[in-house]
Amino acid sequence: MIRRCRRLCFLLCVLAGISYLLFNASSTDEAKVKGGRLDNRHAHPLLFDKERDLENASDDDHLDDDDEDSDDEKATEEDGAELSGSIVAPNPPIDPSQITEEAIYEDNTKVHVLLLAYMRTGSSMTGRILKMSRSGIFYWYEPLHMLERHFVTGGHPELPYRNKSLVEVFTWSSVAKGNVSALLRCDIENVYKGALLDGFVTYSAQTQQFAPCFETAKTTSAWRKCARDMTAACKKNYQATAIKCIRLTLERAVEVMMDDHKVKVIHLFRDPRAVLLSRHKLGYTKWRDLHNEATAVCARMARDLEVTPTLTGPDLNERYAILRYEDITMSPNTAVQRLYDFMGIKPSEEEVSEAIDMISEAKANLTSAQVAQAWRQAITLQDARIIADACHDVMKNLGYRLDFADETELKDLRVPAFGEPPPDFASHLLV
């Protein structure tokens, strides 16, 4: 009888201990989740190199919400739900003893191109020009998309954004820079796993061909095999790597340029009045609060343009170029040729012709130049002036017309809406 009592007491103590451990584990998890956000230092060791990334981000900060890309860049909710279960884990640590000679590849790429842009500036179309050189460029379409979601949602990319201020923080985070740098160098084993499982990989023929391998890789060794195969193809079979990205600041891009002397940056802009109107049509801009919305959108452009005059000397000056969307649509032949010349790529005549035809293709009986100026028919003079007031410095530095005399002049497409920028910026113009 005494033995039975002792056993019963022992079992009760064990159960109490297990309950205590479970309770503490639950409490720890709850402590990590604050306001629906997982503490990223526990969830993903790569997310923050400095405490300030989170501490300096306020829930009340107003920013340009580049949550989803567009022009054809808007991911569906189904895509997010389908991928969410596979992407939250960081890359597995690499054991140096397992790296064989077969995993070391000579890099034959001559140039690494970063197309740096903003939402609704025509980056998808410009990206299509880059990938027209089918055999020449290993092209990535918005590879930071899922990493941004991971960053903003605290390791739960399937959740909606709770702290949209972190979208802006992400653009100048070290993890964004690090992944761009790795992708440009074809260093696939050091890329965030979610980027290789994102639906956006299907937007490029070069990345799409490896999607099935990553999707079916169930072990670390299988994943590494996919990554190494992709690395080998990227380095050996292409003249260049290229990334279209709306999720990085110019300051961080310059750091990538300094670390890798093969990197060239094409910095794409568009008239803020056209950008704001296009964003509004997609539901990204509250028109009733237009001045604040315009201020937020142009704030990031303004910060980037503060860096531009510092890019002097042959090393940086020759590897950075400003491209305006309007120049592409108004002068497609010149724009395409100068783009390829800047990159040092020699596409076939057929590929150049296809790129020019793609830009010049009429839409709704309008030429590409008319499409680029279509915002002037859809906006009022008052609203155009509100945006110009909020974006004054950006528009002035990029050569955009600040005002029109009246509604008639605004609607008259024979009156130019852009011209020559100031010398510090004109010297960087590609077209």
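Here, residue 1 is the first one in the sequence, and each next residue gets the next number.
- E409 pairs by the salt bridge (charged side-chain N to carboxylate O under 4.0 Å, His left out) definition with R401, not counting sequence neighbours.
- For C234, the disulfide bond (SG atoms under 2.5 Å apart) partners are C186, not counting sequence neighbours.
- By the ring-ring contact (aromatic ring centres under 6.0 Å, His included) test, F214 is found to be paired with W223, residues two or more places apart in sequence or in another chain being considered.
- Listed by first and then second residue, the disulfide bond (SG atoms under 2.5 Å apart) pairs that reach into residues 382-419 are C298-C391, sequence neighbours excluded.
- Among pairs with a residue in residues 251-294, none fulfils disulfide bond (SG atoms under 2.5 Å apart), at least two apart in sequence or across chains.
- H428 meets the side-chain hydrogen bond (donor to acceptor under 3.5 Å, both in side chains) test with N317; sequence neighbours excluded.
- Judged as a side-chain contact (heavy atoms from CB on, under 4.5 Å), and not counting sequence neighbours, the contacts of L316 are M257, M258, L311, R319.
- Partners of K262 according to the salt bridge (charged side-chain N to carboxylate O under 4.0 Å, His left out) rule, which considers only residues two or more places apart in sequence or in another chain, are D107.
- For residues 328-347, there are no salt bridge (charged side-chain N to carboxylate O under 4.0 Å, His left out) pairs, not counting sequence neighbours.
- Counting only residues at least two apart or on different chains, no disulfide bond (SG atoms under 2.5 Å apart) pair has a member in residues 401-431.
- A search for side-chain hydrogen bond (donor to acceptor under 3.5 Å, both in side chains) contacts involving D389 returns H291, not counting sequence neighbours.
- Residue pairs meeting the ring-ring contact (aromatic ring centres under 6.0 Å, His included) criterion with at least one member in residues 243-272, sequence neighbours excluded: Y118-H267, Y118-F269, H267-F269, H267-Y320.
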